[in-house]
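Take a look at the structure below.
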Protein chains: 2
Amino acid sequence: MLTVNHGSSTSLRAEALENSAKRLNTWQAIRADVLARIRSGEWPPGELIPTEQELAVEMGCARATVNRALRELASSGIIERRRKVGTRVASTSSRRTTLSLPVMRDEIEALGQRYHYALTEIEMRRGTAGALNALQADPEDELMLVKTRYLADGTAYCCETVWLNPKAIALPDPKLFEAEPPQEWLSRHLPVQQTRFSILADEATGACARSLELPSGTPVLAIERVNSLDAVPVSYARQFYPPQHRLIFDD
Amino acid sequence: MLTVNHGSSTSLRAEALENSAKRLNTWQAIRADVLARIRSGEWPPGELIPTEQELAVEMGCARATVNRALRELASSGIIERRRKVGTRVASTSSRRTTLSLPVMRDEIEALGQRYHYALTEIEMRRGTAGALNALQADPEDELMLVKTRYLADGTAYCCETVWLNPKAIALPDPKLFEAEPPQEWLSRHLPVQQTRFSILADEATGACARSLELPSGTPVLAIERVNSLDAVPVSYARQFYPPQHRLIFDD
DNA sequence: AAGTGGTCTAGACCACTAA
DNA sequence: TAGTGGTCTAGACCACTTA
């Protein structure tokens, strides 16, 4: 059992005033306080920190508020919580962060650049091995293949290959995709699908290389996503970004 | 304003029983229920859903419980909430998912493979442009450069380049890194640093290509991380994974 | 059996913002 | 100004796990 011994018994009021510039809520202030004590070494990795009840008394707030703060820290992988045992500072450097994948238009406009979308190619054809696997389709199934291209300020930003399974969703008039990206059409028709993401490094080849205006063989960042509805795969999309592109995320 | 009209006024009790197999909490049941109604098209993208108060009455629970459920949905980007306005089903397909970056040992052992770590190279030298920029160091500063290599079942899994800034942290005896990866040493000495991640596609060159047993020019997935302590960059690490490697995350 | 976190409640007040 | 979500409380009970 760990005994907390504060030099000065900091009350919540004092702390709230201290953090007034940042306008922190009570639970945010508690989260910050706990984080600071972990960073300072007061609570080293692997060590038990005080119970919710103890912290609530110390901070002068309700246990539910402490719970909220510690729950947020646990979901970030900073601490680990177990009933009856208590709360431990995580001993590994494992971290969880949130990756946000916005709509292409938003992504480009957030950079302050001009967005342009173009349909490159559209056809009904049999699936490649990857597409068949992702869509759980048969080799003789006719699938819709849509290739698109996104420009930012007139230069190639991303190219995309989308496979759609007609057995899983009623396909629109292909002309529709001349104006609207398949992903946006999908999200309008299948709100909140289940999506499985996958990020990998690939090399630009053929149409993809031409579309991105890159020499064949150039490394590109690939983001794959399979949208499913009721466990039935509906679409299999691959987006390719030129090598300058970075997925960035801070804590 | 939207009027909810249930065919059968489902009470929380009934719903809890319905979901008993899944052992859902009240807030999880509410989250599932709201998600189901969005998926079913009852609440299309862009539409306002009932207020917390209305849902609380309908579900027969406290408003705080509804709040918990809706907060979780909002943090996933499924719904958007604004005071005075209400809660809307997100109209874009923007999604947020959690990326978990475990410790290399855990990552490899989670695959059921044998973990092996090796120090490839270690020296004090002046920083490259990238390192200087990341560590906010001067060109004449001597930095510690550590190159390492991770094997899974004896085959190359990842190679890593870590720059450490002696001005920001007291460096250990270099021999220490023969046994312990720099990242793990760091996390033991700087618990819960601020980390900035960046993911990109690069190509294997020189020592990196040899280390991964790949031809020079092969696309590799690069994960960069800059650890900072009190806004002072301490380390700049780049991990390179062969092209088969995928970062996968489901919803 | 006992201790810890997880959830839930009923009510209150606050913060933000459209009207 | 009024309506909505955001937070907080004091207390209760439950779920899980170690002893």
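The chains referred to below are lettered A, B, ... by the order of the sequence lines, with proteins before strands, and numbering in each begins at 1.
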Completion exercise
By nearest-nucleotide position on DNA chain D, the 5'-leaning member of B:R71 and B:G86 is B:G86
Exercise for the section: Give the rounded distance in Å between these two atoms: CG of A:L70 and P of C:dT7. Expected result: 13 Å
Fill in the blank from the handout: Atom CD1 of B:I49 and atom C1' of D:dG5 are separated, to the nearest Å, by 12 Å
Exercise for the section: Take the protein atom CD1 of A:I79 and the nucleotide atom P of C:dT4, then report the distance between them rounded to whole Å. Expected result: 15 Å
Handout entry: A:N67 vs C:dG5: side-chain N/O to OP1/OP2 distance below 4.0 Å
Key = no
Problem - Interatomic distance where CZ belongs to B:R83 and P belongs to D:dT4 [whole Å] - result: 14 Å
Exercise for the section: Return yes if the base of D:dG6 and the side-chain atoms of B:R82 contain a donor-acceptor N/O pair under 3.5 Å, otherwise no. Expected result: no
Practice task
Measure from CD on B:Q28 to P on D:dC14 and round the result to the nearest Å.
Solution key: 18 Å
Exercise for the section: Decide whether B:R81 and B:T87 meet the rule of one side-chain donor and one side-chain acceptor closer than 3.5 Å. Expected result: yes
Practice task
Please determine if a side-chain N or O atom of A:T87 lies less than 4.0 Å away from the OP1 or OP2 oxygen of C:dT4.
Solution key: no
Handout entry: Rounded distance in Å - CD (B:Q53) to P (C:dT9)
Key = 12 Å
Practice task
Scan side-chain atoms only and decide if A:Q239 and A:Y150 contain a donor-acceptor pair under the 3.5 Å cut-off.
Solution key: no
Problem - Closest to the B:W27 side chain, choosing from C:dC8, C:dC16, D:dT7 - result: C:dC8
Problem - N/O donor-acceptor pair, side chain B:R68 with base C:dG6, under 3.5 angstrom - result: no
Practice task
State whether the number of non-hydrogen atoms from other residues, nucleotides or ligands found under 6.0 Å of B:D173 atom CG is greater than 12.
Solution key: yes
Practice task
Please check the phosphate of D:dC8 (OP1 and OP2 only) for any side-chain N or O of A:T65 closer than 4.0 Å.
Solution key: no
Exercise for the section: Would you tell me if any nitrogen or oxygen in the side chain of A:R81 comes within less than 4.0 Å of OP1 or OP2 on C:dG6? Expected result: yes
Problem - Side-chain donor-acceptor pair present, B:T148, B:E160, cut-off under 3.5 Å - result: yes
Practice task
Return no unless some side-chain N or O of A:R63 is found under 4.0 Å from OP1 or OP2 of D:dA10.
Solution key: no
Practice task
Tell me whether the OP1 or OP2 atom of D:dG3 has a side-chain N or O from B:T51 closer than 4.0 Å.
Solution key: no
Practice task
Considering only NZ, NE, NH1 and NH2 on the basic side and carboxylate oxygens on the acidic side, decide whether A:R68 and A:E72 come within less than 4.0 Å.
Solution key: yes
Problem - Whole-Å distance separating the CD atom of B:E52 from the P atom of C:dG11 - result: 16 Å
Handout entry: Between C1' of D:dG5 and CD of B:E72, the distance in whole Å
Key = 16 Å
